[in-house]
Amino acid sequence: MTARIIDGKALSDTVRAEVAERVKALSAQNIQPGLAVVLVGEDPASQVYVRNKAAACEKAGLLSRVIRMGQDSTEAELLDMIQQLNEDPAIHGILVQLPLPGHMNAAKVIEAISAEKDVDGFHVNNAGLLMTGKPLFRPCTPYGVMRMLESENVEIRGAEAVVVGASNIVGKPMALLLLAAGATVTLCNSKTRDLAAQTRRADILVVATGKPGMVTGDMVKPGAVVIDVGINRLEDGRLVGDVEFEEARKVAAAITPVPGGVGPMTIAMLLVNTLEAAERSAARQHQASL
Ligand code: GUN
């Protein structure tokens, strides 16, 4: 069997076109969704991500404001900036790019973002809402994966889903979304005793470890759907995922490539979250004016 390649780039274009349509509809009410992206320091990968997020916003008709703060900025200065953005009616979504410099407490910074503007879905209120099945914002990467599974008509109800990697950003929210959709979910971490025994049971295998080659072809169940969240730059400059793509594609029914798989979907879902924050804000304003 040779796996079907799940084209995240094409699907992200479709999602972005849908966002652009809804942005147009909001502009009839004189509202333009606005995203503020805060970048502290000069991490090269973060600079690229932030540029890509801002460009995607502008292309879909959203307002994007990039706030660059020096590596030596204090936590108090960052909290003050977040407060200003919380109060700014032109800004519907706030994203503080991670990782932050070591002298800052990331949890404290994230909790300072208004939960209604937390388009990353990282605030404890949003994590709690997701856990109790009433999500306000779904974290962008797992949300993008769910959208991919849906567009591929993957049966999630009753499926065995295995998630490798238990981060707050990807693994944990991914497990919760799959669970909510009716999968039986196993969440693996770096201490999992026999990882291959777990992954070989997976009808849906999501890998988010940041370790190239973590999942080899023999760890994939024949006919599985494999979603590779990893984006790793090798020494020779190549970009690869966490799954050995060439081996895994001989076994799987469908697989995401790197690049061109999950990555473009993450940005598309950030636009969806920002748009929906603006739509909710417009509905609140309308309600208040009645
Ligand atoms: N750094 C890596 N991924 C992310 C993300 O999804 N959101 C933010 N804010 N920072 C990140």
Side-chain angles (χ1 to χ4, degrees), residues 8 12 15 34-57 62 64-69 71 73 75 78-79 81-82 85-86 91-102 104-115 117-127 130 135-148 163 165-174 176-177 206-211 227-233 239 241-242 258-259 261-274 276-277:
S12 79
V15 172
L35 174 69
V37 179
V38 184
L39 174 61
V40 185
E42 266 105 49
D43 179 75
S46 290
Q47 306 237 27
V48 175
Y49 292 140
V50 166
R51 253 202 315 276
N52 289 344
K53 287 170 185 176
C57 270
L62 287 83
S64 98
R65 195 185 298 165
V66 176
I67 295 138
R68 293 191 167 81
M69 299 178 67
Q71 175 78 18
S73 307
E75 188 179 275
L78 177 55
L79 293 174
M81 174 55 68
I82 291 170
L85 295 169
N86 281 343
I91 296 299
H92 304 94
I94 303 170
L95 180 153
V96 177
Q97 186 66 29
L98 302 177
L100 286 170
M104 293 190 184
N105 177 341
K108 188 171 168 195
V109 169
I110 290 166
E111 297 339 322
I113 298 171
S114 158
K117 296 191 178 187
D118 167 41
V119 283
D120 262 328
F122 295 166
H123 192 287
V124 280
N125 286 18
N126 287 322
L130 177 64
L136 185 64
F137 295 107
R138 296 160 184 84
C140 303
T141 299
Y143 195 8
V145 171
M146 294 306 286
R147 182 71 198 255
M148 286 178 128
V163 179
S167 70
N168 288 340
I169 295 181
V170 181
K172 285 186 214 169
M174 187 76 253
L176 289 170
L177 288 173
V206 182
V207 188
T209 64
K211 295 194 177 69
I227 308 288
D228 190 349
V229 179
I231 302 180
N232 309 290
R233 178 77 65 183
L239 214 52
D242 296 348
V258 178
V262 175
M265 290 303 294
T266 296
I267 294 189
M269 301 324 277
L270 173 65
L271 302 185
V272 170
N273 278 347
T274 306
E276 291 184 350

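Atoms within a ligand are numbered from 1 in the order they appear, just like the ligands themselves.
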May I have a table of the N/O to N/O pairs between ligand 1 and the protein that fall below 3.5 Å, each row giving the two atom names and the distance to 0.1 Å?
{"residue": "ligand 1", "atom": "1 (N)", "partner": "Q97", "partner atom": "NE2", "Å": "3.3"}
{"residue": "ligand 1", "atom": "1 (N)", "partner": "L98", "partner atom": "O", "Å": "3.0"}
{"residue": "ligand 1", "atom": "7 (N)", "partner": "D120", "partner atom": "OD1", "Å": "3.1"}
{"residue": "ligand 1", "atom": "7 (N)", "partner": "D120", "partner atom": "OD2", "Å": "3.3"}
{"residue": "ligand 1", "atom": "9 (N)", "partner": "V96", "partner atom": "O", "Å": "2.8"}
{"residue": "ligand 1", "atom": "9 (N)", "partner": "D120", "partner atom": "OD2", "Å": "2.7"}
{"residue": "ligand 1", "atom": "10 (N)", "partner": "L98", "partner atom": "N", "Å": "3.0"}

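P264 and G8 make their closest contact through CB-O, 4.0 Å (heavy atoms, listed as atom of the first residue, atom of the second, distance). Residue V119 comes nearest to C140 through the heavy atom pair O-SG, 3.6 Å, listed as atom of the first residue, atom of the second, then distance. Nearest heavy-atom pair across P139 and F122 is CB-CE2, 4.2 Å. Taking each heavy atom of A166 and K172 in turn, the nearest pair found is O-CE, 3.2 Å.
Residues forming a side chain to side chain contact (heavy atoms under 4.5 Å, CB included) with V37 (at least two apart in sequence, or on another chain): L35, V50, L95.
Atom CG of L271 is separated from atom OG1 of T266 by 11.0 Å, given to the nearest 0.5 angstrom.
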